[in-house]
Amino acid sequence: SGGAAAAPLPEEDCMKLNPSFVGIALSSLLAIDLWASKRLGVCAGEGSAWGSARPLMKVIEVSGHGIPWVLGTFYGLCQSDSSAAREVLLNLLFALLLDLVMVAVVKGLVKRPRPTHNKMDMFVTISVDKYSFPSGHATRAALVCRFVLRHLVLAVPLRVLVVLWALIVSISRVMLGRHNMTDVLFGLLLGYALYGVVEHCWLSPATAPALFALW
């Protein structure tokens with residue numbers, strides 16, 4: 001009847017009608033992220049704006065892939081005849097493996113799909129690589145960059161090249177359509193933080209004698 005009080009809306013309807021400021025902000029940022037990432041995916045396919053540069057971008061992609069880095073570091077560790085070099089390489093191997101595990105865990109938890117304009121023609125993928133967040137290449141680039149700058153004695157031009165490599169690898173992920181911008185930004189932050197973990201858990205003959213006894 002007209003005098004009866006209106007029934008209250010279900011809680012989920014109230015949430016839809018009165019979204020929180022945080023919810024609106026996050027939705028807006030997500031929309032901007034998806035839009036900007038698609039606009040920047042200029043090498044996502046051969047018919048894209050910069051499609052002719054796609055082969056070069058894929059070479060850069062391989063340069064930041066985990067498998068070449070792990071295998072190359074392991075080979076260097078086996079061939080090294082210097083105790084100082086073995087210590088650095090063993091910790092780099094630890095950093096790379098930690099990176100692979102952490103990225104796989106986060107991807108498995110978040111399960112954000114790849115951008116719709118991405119072509120699944122990546123170099124050596126595993127099950128979690130169907131997910132986008134975070135960018136493992138960006139995480140690895142930031143981690144390796146910090147590690148190399150800290151533990152290798154390089155001339156200034158080479159140090160600049162290392163930083164440029166990390167930036168180019170990260171940017172190429174969006175250009176190839178592999179990742180959204182937030183995937184790359186979070187990946188860089190995660191890689192930067194993982195280096196701190198490696199430094200805190202630094203492996204040395206004193207802290208891990210069994211590992212160094214293998215070489």
Side-chain angles (χ1 to χ4, degrees), residues 12 15 20 22-23 25-38 40-41 43-45 57-58 60-74 90-147 165-203 208 211:
E12 60 270 19
M15 292 174 66
S20 66
V22 174
L26 290 177
S27 297
S28 300
L29 288 174
L30 178 61
I32 294 171
D33 179 37
L34 296 175
W35 173 82
S37 300
K38 189 170 184 178
L40 293 173
C43 300
M57 290 295 106
K58 293 189 70 174
I60 295 172
E61 178 177 64
V62 174
S63 77
H65 197 283
I67 290 180
W69 274 100
V70 170
L71 293 180
T73 302
F74 183 76
L90 184 60
N91 281 277
L92 178 57
L93 182 62
F94 166 62
L96 293 169
L97 294 176
L98 177 64
D99 162 67
L100 290 173
V101 171
M102 288 301 300
V103 169
V105 168
V106 176
K107 282 187 174 182
L109 291 174
V110 178
K111 295 183 178 180
R112 185 184 193 184
R114 295 268 181 184
T116 55
H117 55 286
N118 173 53
K119 290 178 61 178
M120 288 300 291
D121 59 350
M122 294 174 287
F123 173 75
V124 188
T125 60
I126 58 176
S127 59
V128 292
D129 284 333
K130 62 185 177 182
Y131 301 125
S132 178
F133 185 92
S135 166
H137 279 68
T139 304
R140 193 170 305 109
L143 174 61
V144 170
C145 181
R146 287 197 72 191
F147 191 100
W165 168 80
L167 292 175
I168 291 171
V169 167
S170 302
I171 294 170
S172 72
R173 309 312 292 155
V174 181
M175 294 178 66
L176 280 169
R178 306 293 197 210
H179 292 279
N180 297 303
M181 292 174 60
T182 49
D183 304 332
V184 172
L185 291 175
F186 184 84
L188 289 171
L189 292 174
L190 179 59
Y192 192 90
L194 286 178
Y195 174 78
V197 175
V198 174
E199 282 291 299
H200 180 73
C201 303
W202 187 261
L203 304 175
L211 286 175

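Fair warning: this is a prediction, and the values are worked out from it, not measured in the lab. Along the sequence shown, the residues carry numbers beginning at 1.
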- Task: Grab the two heavy atoms, one from Ala44 and one from Lys119, that are nearest each other, plus how far apart they are.
- Result: O-CD, 3.6 Å
- Query: Can you tell me how far CD1 of Ile32 sits from OG of Ser37, rounded to the nearest 0.5 angstrom?
  - Reply: 11.0 Å
- Indicate yes or no: at least one non-hydrogen side-chain atom of Pro115 is less than 4.5 angstrom from one of Arg178. no
- Message: Could you check whether any side-chain heavy atom of Val144 comes within less than 4.5 Å of a side-chain heavy atom of Trp165, counting everything from C-beta outward?
- Response: yes
- Message: On a heavy-atom basis, which atom in Leu143 and which in Leu96 lie closest, and how many Å separate them?
- Response: CD2-N, 4.5 Å
- Query: How many angstroms lie between atom CG of Asn180 and atom NZ of Lys38, to the nearest 0.5 angstrom?
  - Reply: 11.0 Å
- NZ of Lys130 to CG of Asn118: how many Å apart, nearest 0.5 Å? 14.5 Å
- Note on the structure: Heavy-atom closest pair (Leu190 atom, Pro134 atom, distance to 0.1 Å) is CD2-CG, 4.2 Å
- Query: With side chains defined as the heavy atoms from C-beta onward, is the minimum distance between Leu189 and Leu185 less than 4.5 Å?
  - Reply: no
- Using the ring of each side chain (for Trp, its six-membered ring), is Phe147 parallel, tilted or perpendicular to Tyr195, with breaks at 30° and 60°? perpendicular
- Decide yes or no on side-chain contact (heavy atoms from CB on, under 4.5 Å) for His137 and Val184, but give the supporting numbers first. CA-CA 8 Å; His137 279 68; Val184 172; over 6 Å; no
- Query: Where the side chain of Thr139 meets the backbone of Gly191, is there a donor-acceptor pair that is under 3.5 Å apart?
  - Reply: no
- Message: Please give me the minimum heavy-atom distance between Leu100 and Gly66, naming the atom from each residue.
- Response: CD2-CA, 4.4 Å
- Query: Could you give the distance from CG (Leu188) to CG (Asp183), rounded to the nearest 0.5 Å?
  - Reply: 11.0 Å
- Apply the test side-chain contact (heavy atoms from CB on, under 4.5 Å) to residues Val110 and Tyr131: give CA-CA distance (whole Å), side-chain angles for both, the deciding distance (0.1 Å), then the verdict. CA-CA 8 Å; Val110 178; Tyr131 301 125; over 6 Å; no
- Message: Other residues, nucleotides and ligands only: do more than 12 of their heavy atoms fall within 6.0 Å of CE on Met175?
- Response: yes
- Task: For the pair Asp33 and Arg112, find out whether any cationic side-chain nitrogen is under 4.0 Å from an anionic carboxylate oxygen.
- Result: yes
- Once you round to the nearest 0.5 Å, how far does CZ of Phe94 lie from CG of Asp99? 11.5 Å
- Do NZ/NE/NH1/NH2 and the carboxylate oxygens of Glu199 and Arg146 come within less than 4.0 Å? no
- 4.5 Å side-chain heavy-atom contact, Val197 and Met102: no
- For the pair Arg173 (side chain) and His179 (backbone), establish whether a donor and an acceptor sit closer than 3.5 Å, ignoring hydrogens and angles. no
- Is there a side-chain contact between Arg114 and Asp129, using heavy atoms and a 4.5 Å cut-off? yes
- Message: Between Trp69 (side chain only) and Leu93 (backbone N and O only), is there a donor and an acceptor less than 3.5 Å apart?
- Response: no
- Item | Nearest-0.5 Å distance, CG of residue Leu203 to CG of residue Leu92 | 11.5 Å
